[in-house]
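Right, one structure below, let's go through it.
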Amino acid sequence: MGKTLLEFYPFDIKYDDNEEKIVVYGYTKEGEKVIVVDNSFHPYFYAVISPEDKESVINSIKNLKVIVGEKEALIKKIEEYQSHLVGRDVTTLKLTFNTYSEMKHFFEPIKRISGVSELLETDIPIHRRYLIDKRFKMFTRVRVEGEKVKSTSPNTNFTILADVIEETNSELIENPKIMAVDIETYNPIGNPRPEKDPILMISISTNYGFNKVISWKKCDEMQDFVEVVESEMDVLLRFEDIIKNENPQIIVGYNSDNFDFPYINERAKKYKLNLKLGVDNSKLKITKRGIGKAAKIIGIPHIDLFIFIRNILGPTLKTETYNLNAVADELIGEKKVEGFHWTEMSKMWDNGGDDLKKIFEYSMKDAEITLKLMEKLFNLIAEMTKIVGQTPFDVSRMTYGQCVEWFLAKNAHDFKELIPPKPLGHFVSDRQAKSYEGAYVHKPEVGLFENIVVYDFRSLYPSIIVSYNICPTTLFCDCCKVGFETPEINGKKYSFCKEKKGFIPQLLENLINRRIRIKEIIKKLPKNDEDYKILSARSYAIKTIANAMYGYLGFARSRWYCWECAASITALGRHYITKVISEAESKGFSVLYADTDSLFISLKNKSLEDSKKFIKEINSSLPEMMELDFQGFYSRGVFLAKKRYALSDTLGNLTIKGLEWVRRDWSKIAKETQIAVIKSILVDGSKEKAIRITRDTIKKLKEGKIPIDKVTIYTQLTRKIEDYESIGPHVSAAIKAKEKGYTFEPGQIIKYIIVKGSGSISDKAFILEDVLDRKLEYDPEYYINNQVIPAVEKIFEAVGISKDELLGKVQTKLGGFFGD
DNA sequence: CCGATT
DNA sequence: AACGGCTAATCGG
């Protein structure tokens, strides 16, 4: 079909193991599906050599005879490359090969050549190497030149054999076709067993109007979206059919890596079906990834939103659990179909009729919610994908550490920095064994205070890294006699180069400046503007990477791990916060509390104006990138201990940190009582009301009037049940449930209740399902003495009311509090 | 009651 | 498989 030039949006990429070439999958603006084959890319790695041995090493490499299969494998190119390894000058040879399968046979023989000290970048997967080198970003417009040929894949418009493939601009694909998928399974004993229990239905929801539930059981007056086929096998075949005909550009699920797709695969195996979902007609592949699995469909990015939310969004969410219902409620204000619990699935399926209709509705809604979540999160996933520079499939599954690492890897060569190897074995354990001092936390004045001003350092750690040029490449440089110096850390000062910028501070400075520019633009846009949404997501993605940089430097499995850097950052953080504390005190403010980058002062006889003058003075003395911000003014606050306090602003809005209220391992009844007490004291200024509320709760608990969901406690299993040394209540509840056939995985949230009976607290702990089944009653004594009272006791003490007084055991005159 | 575990 | 600091409950000797 001849030479052609076109622009397209790449969605996925693979290194073809058999044909040994890079294949990029994408779409033109008109939605035509294209495959771009890049024959020009060849894998390579670096050998670090002593410069004086250069000729002999090159000769030895040329003389190597490596046989792969029947044929001799050849080195394609040898080039000298003067570069840096973590700031140190190194001479390397860049060795390029025709294919990866040939290249890997050269690792060992080249390592053994005298004059070669180490091999670098042998542990970069080829498709990632390709994206690092080519610079273009997934989901954005890319220019390709090459020969247009008929596609070998049946459901693709054409293939291009590329000569050139390059970035044009970073314009994002508009409105990709997204398909959300959810399955329901037969589950007579709780968790479904893929070897026995069939898939009942597969639900599909798209952002372009195709919505269906495919099932194999009929009932009267079925909803329009239900399509009934003959059998479970036909459900699977119809699913394959839909993927092929509908051509979704992105497939999304919720926990689909570890549930939906592995289950679909297991059931397909049973019928000896090969579900060819990939654009290249390849099978749905379930791979192992860390402790879990990942479901890969070649050519169509499959995003498991549960994984992305858990890894990246989780810490910013309020929700206690990452189940679909709670997450969707918080992010998009939607809930699942009510009056239905998944444990009833098989019973309702067997009943048929209206019950079956209800399952159809429930399943459809789940797929719809998943789709809406993706529509909400697409911009963020796309921006993370762009900034990290890898595929959406990979990036959506990365943790913070991996996002930072691949971001650095992408940019390292601009600074001629080679990518250090992943640390293994004792390198990791040695690093883990060597800890360093963290942030400073000021012991609070326990009690109730009024007129509180809060300051915080804007992006404290990133601004320190940039100001002090903290980088593994600048530590104790050769050029500066005295560089940027840290305070003493265990009696030693650390120095960072003043002459040349380190690559991490340089990249970080670019990120910070980029974010400032974006925020300037956002300010002028209306909130519902499409650009506003994209730029907000970009700003959030940049912030995520910038804030994770410090943690990455102290992370034992980092390629650019640097103990001295991490320890210097926290030491400087401690230096600046303590400096502000002492200056505030010397100016006559009373410092109530401080933690890491924030400072709480009481105005006392000073004015708000005085506090603003103070902040100006501080800022004029700080390095340019560092800034102390005015965070807010609060009319009242109660401080209980380090990391435990509550504030109320002038409008009565509460800020609560560290208290039981924000913790999931406390019952709702304890948390609700606690917040009601805080509100009474901080907002209403009435300790009588607080006492009344507490006593009333205790009475209701005694009378057994509190519903079960308010006495349920959530605790995560962090390991396998048998690995626990100490059996806490949640573990004990799980052990008892396990004997009855329930299964538990590490990471699972255990919902348990302490019931009436004898023995230790653990003896009396049972999981929610057990309690409901056996109609057990909660233990009022436990919830009064171990939940409600401890949650409010410290607060009452801080305002001068003892426990006895609270419970009415001692008659004391109340009063003298906020004028009453 | 107290250190260890969570 | 991002850091350390910190509080508090409960176990288990």
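None of these values were measured; they are calculated from a predicted model. In what follows, chains carry the letters A, B, and so on, assigned in the order in which the sequence lines appear, proteins first and then strands, with residues in each chain numbered from 1.
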What nucleic acid atoms does [X] come within less than 4.0 Å of, heavy atoms only: base, sugar-phosphate, or nothing?
{"X": "A:Arg644", "answer": "sugar-phosphate"}
{"X": "A:Thr570", "answer": "nothing"}
{"X": "A:Lys657", "answer": "nothing"}
{"X": "A:Lys642", "answer": "sugar-phosphate"}
{"X": "A:Gly554", "answer": "sugar-phosphate"}
{"X": "A:Tyr461", "answer": "nothing"}
{"X": "A:Asn786", "answer": "sugar-phosphate"}
{"X": "A:Ala439", "answer": "sugar-phosphate"}
{"X": "A:Tyr724", "answer": "sugar-phosphate"}
{"X": "A:Arg719", "answer": "sugar-phosphate"}

Please work out whether the ring planes of [X] and [Y] are parallel, tilted or perpendicular, with thresholds of 30° and 60°.
{"X": "A:Trp563", "Y": "A:Tyr436", "answer": "perpendicular"}
{"X": "A:Phe600", "Y": "A:Tyr593", "answer": "tilted"}
{"X": "A:Tyr494", "Y": "A:Phe476", "answer": "tilted"}

(message) Reading DNA chain C from 5' to 3', where do the contacts with chain A start and stop? Cut-off is 4.0 Å to heavy atoms.
(response) C:dA1 to C:dG12
(message) Which residues pass the salt bridge (Lys or Arg N to Asp or Glu O under 4.0 Å) test with A:Arg559, not counting sequence neighbours?
(response) A:Asp123, A:Glu405
(request) Kindly determine whether A:Tyr561 and A:Phe427 satisfy ring pair (Phe, Tyr, Trp, His ring centres under 6.0 Å), including the steps that lead there. (result) CA-CA 11 Å; A:Tyr561 172 83; A:Phe427 289 101; over 10 Å; no
(message) Please evaluate residues A:Lys794 and A:Glu797 with respect to the criterion salt bridge (charged side-chain N to carboxylate O under 4.0 Å, His left out), reporting the C-alpha separation (whole Å), side-chain torsions for both, the decisive distance (0.1 Å), and the verdict.
(response) CA-CA 5 Å; A:Lys794 288 269 160 61; A:Glu797 272 173 22; 5.8 Å; no
(message) For A:Tyr782 and A:Met398, find the nucleotide of DNA chain C closest to each by heavy atoms; which residue's nucleotide sits nearer the 5' end?
(response) A:Met398
(message) On DNA chain C, compare the nucleotides closest to A:Ala556 and A:Val441; which residue's is nearer the 5' end?
(response) A:Ala556
(request) Look at A:Asp257 together with A:Arg397 and state whether they make a salt bridge at an N to O cut-off of under 4.0 Å. (result) yes
